[in-house]
Amino acid sequence: MAGTSSQTGQERAAGGKAARAVWSRDFALFFTARAIARLGDTMLPVALAAGLLQHGYGAGAVGLAMAATAAAFAGLVVFGGVLADRFSTRKLMIGADLVRLGTQALAAALFYSGHVVLWQICAIGFVNGVAGAVFQPGVASTVPRLASDIQGANGAIRVAESAAQLAGPAVAGLLVGFASPGGVFAAHATTYAISALCLLLLRLPPLAPGRRAVAGRGSKAFRADLVEGWREFRSRQWLWGVIAVWCVYMIAVWGPTVPLVATEVVREHGPRAYGLVNSALGAGTVVGGLLALRLRPRRMLRAGAIALVGFAAFPASVGAGLGVPAMASGAAVAGAGMSFWGVMWATSVQTQVPPDVLNRIHAYDVAGSLAMMPVGQALAGPAAAALGADHVLLVAGATSFGVCAALLLIPAVRGLVRVDATAAVSERTAAAPEPSRAEKC
């Protein structure tokens, strides 16, 4: 009993130390900025769809407006990584938020006035994508500077973003119903104002000693930074191995799953059922983030890849024509697995990559991860027409198993040991006395 009480006390002390390693004034500000911005981002599709349809445009126009943002982001995020390694990440993020505050305020004014022209909305979306490409790389290097428990920090942010993703569409729907699409854009602009204010109040600690300064100016130096980032990315087999597998995942699993699940569930069970399934997916991502706060696997990518197997339940349950409760359960399992993998991956990148190239590496990671998603979405329709949407979703579920197996078959991925685990083992080995024969037994 005494041993049990002592162990419980040690666990409580460790839990308190972990909490202190995450939460601080500055991390709370960054946490709030990420959660509020995510809330606004999940409101945007509802605002675009309702606003453009209300002004006589079709679904193709909505897709074009969203594609303008995605194309600018995916095409320029690598350059954003170079900027983030050369300049103050906090100032870049504040500037990006202020740009998006202005663009979304302009969009709100256009919708309020009733003067809505598609090319203007697409141009606003393109500028938002450029700002996002400047903002996103700095996120990777900010988390390690604010919290010593990087996994706990990533888990907390993932939970907050998942909760915001659940609430965003509902808030947007209420604003559209009680105000207008312009009201949603105004609210979205406000989220960027709050994010910028939080980042303005943020005090980042100084960079770690020994960080190499980025030298040189002009286009040659910029290209040299790009090349160095690519060289660092290519030198880590676990890094480019995951991205290579992820390209297949985006084409064969995620790309077709998102549009085909929507069409199949709405056609067979109605929009309310799709809302329930989508909510279950979001709730699952919250659970996955909470699990990532508690579980500390020594080989993070191996644990994340095993958890990612759960995503197969989402497309497979819809493709098999199961009932709404079963599809919602499959979506919840999928969300938990995807969220847990996301925390394990983000923490591995942030702890394994040197700080002086982290922003560029993260930019290559984001660009590589997103590059094949539009391809998968574009192929979903023709594949469904040729094979049937249910068969394509069943194939996506089976391919999800294959993707997880491929990740585990890469020695550099399954064998990657967390940095803090390695350090802790080394410290304990150096400090601990040689165990007695009785202790060994």
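Count residues from 1 along the sequence. We use all heavy atoms of the structure for the numbers below, so side chains are in, but hydrogens, waters and symmetry mates are not.
Arg90 contributes no side-chain N or O that, together with a main-chain N or O of Leu204, makes up a donor-acceptor pair within less than 3.5 Å. Trp254 places no side-chain N or O within donor-acceptor distance of the main-chain N or O of Tyr249, the cut-off being under 3.5 Å. The main-chain N or O of Thr191 is never found under 3.5 Å from a side-chain atom of Ser195 such that the two would form a donor-acceptor pair. Here the side chain of Ser400 pairs no donor or acceptor atom with the backbone of Gly397 at under 3.5 angstrom. A side-chain donor-acceptor contact under 3.5 Å links His391 to the backbone of Leu387. A donor-acceptor pair under 3.5 Å is formed between the side chain of Arg418 and the backbone N or O of Pro297. Side chain of Thr42 to backbone of Arg38: a donor-acceptor contact under 3.5 angstrom is found. Not a single donor-acceptor pair under 3.5 Å links the side chain of Thr399 to the backbone N or O of Gly402.
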Could you check Val286 against Arg158 for side-chain contact (heavy atoms from CB on, under 4.5 Å), going step by step and ending with a plain yes or no? CA-CA 7 Å; Val286 173; Arg158 180 57 63 101; over 6 Å; no
side-chain contact (heavy atoms from CB on, under 4.5 Å), that's the test. Do Met300 and Trp345 meet it? Break it down for me. CA-CA 8 Å; Met300 302 177 73; Trp345 171 248; over 6 Å; no
Tell me, with the steps shown, if Gln104 and Leu44 meet side-chain contact (heavy atoms from CB on, under 4.5 Å). CA-CA 10 Å; Gln104 295 309 88; Leu44 183 59; 3.6 Å; yes
For the pair Thr142 and Arg145, evaluate side-chain contact (heavy atoms from CB on, under 4.5 Å) and give the outcome as yes or no after the intermediate values. CA-CA 5 Å; Thr142 299; Arg145 293 173 68 180; 5.7 Å; no
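Nearest heavy-atom pair across Leu293 and Gly152 is CD2-O, 3.1 Å. Looking at every heavy atom in both residues, Ala316 comes nearest to Leu394 through O-CD2, 3.7 Å. Closest approach of Ala305 and Leu408 over heavy atoms only: CB-CD2, 3.8 Å. The minimum heavy-atom distance between Leu393 and Thr257, with the atom names listed, is CD2-CA, 4.0 Å. In plain terms, the two heavy atoms of Thr89 and Ser141 that are nearest each other are CG2-OG, 3.9 Å. When every heavy atom of Cys198 is checked against every heavy atom of Thr32, the shortest pair comes out as SG-CG2, 3.9 Å.
Rounding to the nearest 0.5 Å places CZ of Phe135 at 14.5 Å from CG of Leu83. Taken from CG in Asp365 to CD1 in Ile361, the straight-line distance is 9.0 Å, to the nearest 0.5 Å. Rounding to the nearest 0.5 angstrom, the gap separating the SG atom in Cys122 from the CG atom in Asn128 is 11.5 Å. Going from atom CD1 of Ile36 over to atom CG of Leu197 covers 11.5 Å, rounded to the nearest 0.5 Å. One distance of note links CG of Leu200 with NZ of Lys91; it measures 11.0 Å at 0.5 Å rounding. Going from atom OG1 of Thr347 over to atom CD of Gln352 covers 10.5 Å, rounded to the nearest 0.5 Å.
The side-chain heavy atoms of Leu295 and Phe340, taken from C-beta on, include a pair separated by under 4.5 Å. For the pair Val78/Val366, no side-chain contact is recorded, criterion being any heavy-atom separation below 4.5 Å from C-beta on. Considering only heavy atoms from C-beta on, Leu29 stays 4.5 Å or farther from Leu199 through its side chain. Side-chain contact check for Leu308 versus Met338: some heavy-atom pair is nearer than 4.5 Å. Val349 places a side-chain heavy atom less than 4.5 Å from the side chain of Trp238. Between Phe73 and Gln136 there is a side-chain heavy-atom pair separated by less than 4.5 Å. Here the side chains of Val413 and Val242 are in contact, with some heavy-atom distance below 4.5 Å. Residues Arg34 and Phe31 form no side-chain contact, since every pair of their non-hydrogen atoms from C-beta on lies 4.5 Å or further apart.
A donor atom on one side chain and an acceptor atom on the other are not found under 3.5 Å apart for Ser339 and Thr285. Side-chain N/O atoms of Tyr192 and Asp41 include a donor and acceptor closer than 3.5 Å.
By the side-chain contact (heavy atoms from CB on, under 4.5 Å) test, Ser279 pairs with Leu166, sequence neighbours left out. Here Arg302 pairs with nothing under the salt bridge (charged side-chain N to carboxylate O under 4.0 Å, His left out) rule; sequence neighbours left out. Residues that satisfy the side-chain contact (heavy atoms from CB on, under 4.5 Å) test with Val143, not counting sequence neighbours, are Phe30, Ile150, Ala153, Asn154, Ile157, Gln350.
Ring planes of Trp246 and Trp341: parallel class, angle under 30° (limits at 30 and 60°).
More than 12 heavy-atom neighbours from other residues, nucleotides or ligands sit within 6.0 angstrom of CZ on Arg25.
A salt bridge does not link Arg360 with Glu232: every distance from a Lys NZ or Arg NE/NH1/NH2 to an Asp or Glu carboxylate oxygen is 4.0 Å or more.
With ring centers used as reference points, Trp230 lies under 6.0 Å from Tyr364.
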